[in-house]
Amino acid sequence: MNSKRFSPTSSTIKSRFTRRFLRALLKINRQRTRTPSSPMEICQRYLKVKLAADVSMASTVGSRRAWSRAMLTKIRHGVRAGSTTSLTMRKRKIYHGKKSTKEVGIVGNAKMLRKLVPGGEAMDTCSLLDETFHYIKCLSTQVKVMTRIADQICST
């Protein structure tokens with residue numbers, strides 16, 4: 001079997017993500033109104049770009065990874081936090097205090113990771129670590145591509 005088919009290089013993921021994301025951005029840009037943007041329109045546009053980035057990355061990875069399957073399923077069912085109808089800007093609670101001994105160590109860290117990685121709630125610890133590694137690599141690729149796009153737009 002061809003190992004490249006099952007283990008794509010990051011450059012392949014980067015180029016496929018870039019193509020998908022740029023297509024989504026063009027579609028979003030075509031929907032833009034010519035009138036000055038209100039704060040609500042800016043927020044909706046931000047959410048559309050975020051959703052486009054998430055969909056582009058998850059569909060680039062495809063069904064090979066549990067996190068991408070979970071993300072695409074949530075998006076299809078409208079549960080995705082990035083949807084323009086359900087996402088609101090939320091403040092994260094910061095806990096300053098002593099953690100209980102139950103949440104310290106690998107169990108507590110795995111519990112936190114399960115909340116951060118899409119689909120992590122249903123994974124065992126070993127799978128969770130593998131999926132987390134891949135998810136972080138993909139997020140890093142996403143940031144690099146989006147940064148280059150922003151740099152290109154700002155330089156013109």
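What's counted below: heavy atoms across the whole structure, side chains too, no hydrogens, waters or symmetry copies.
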Would you give the length of the straight line joining atom [atom1] of [X] to atom [atom2] of [Y], rounded to the nearest 0.5 angstrom?
{"X": "K115", "Y": "K111", "atom1": "NZ", "atom2": "NZ", "answer": "5.5 Å"}
{"X": "K48", "Y": "L25", "atom1": "NZ", "atom2": "CG", "answer": "12.5 Å"}
{"X": "L22", "Y": "I149", "atom1": "CG", "atom2": "CD1", "answer": "4.5 Å"}
{"X": "T18", "Y": "K14", "atom1": "OG1", "atom2": "NZ", "answer": "7.5 Å"}
{"X": "S68", "Y": "M57", "atom1": "OG", "atom2": "CE", "answer": "10.5 Å"}
{"X": "C43", "Y": "M40", "atom1": "SG", "atom2": "CE", "answer": "6.5 Å"}

May I ask whether [X] and [Y] are part of the same hydrophobic cluster, defined by side-chain heavy atoms of I, L, V, M, F, W, Y residues being less than 4.5 angstrom apart, directly or through others?
{"X": "F21", "Y": "I153", "result": "yes"}
{"X": "I13", "Y": "L139", "result": "yes"}
{"X": "Y46", "Y": "V143", "result": "no"}
{"X": "F133", "Y": "M123", "result": "no"}
{"X": "L72", "Y": "F17", "result": "no"}

Say whether, by atom type as modelled, one donor and one acceptor occur between the side chain of S15 and the main chain of T12 under 3.5 angstrom.
-> yes
Does S140 use its side chain to pair, donor to acceptor, with the backbone of I136 at less than 3.5 Å?
-> no
Check whether any side-chain heavy atom of [X] lies under 4.5 Å from a side-chain heavy atom of [Y], and answer yes or no.
{"X": "T125", "Y": "L113", "result": "no"}
{"X": "C138", "Y": "Q142", "result": "no"}
{"X": "V61", "Y": "W67", "result": "yes"}

When you look at N29 and R45, which way does the side-chain contact (heavy atoms from CB on, under 4.5 Å) test go after all the steps?
-> CA-CA 9 Å; N29 200 35; R45 193 168 168 85; 3.3 Å; yes
Looking only at heavy atoms, the pair that brings A58 and M71 closest together is CB-SD, 3.9 Å
Just jot down the side-chain hydrogen bond (donor to acceptor under 3.5 Å, both in side chains) partners of S59, sequence neighbours excluded, or say none.
-> R20
Residue pairs passing the salt bridge (Lys or Arg N to Asp or Glu O under 4.0 Å) test with at least one member in residues 127-136, sequence neighbours excluded, are R65-D130, R65-E131
Would you check if there is a donor-acceptor pair between the side chains of N109 and R114 at a distance under 3.5 Å?
-> no
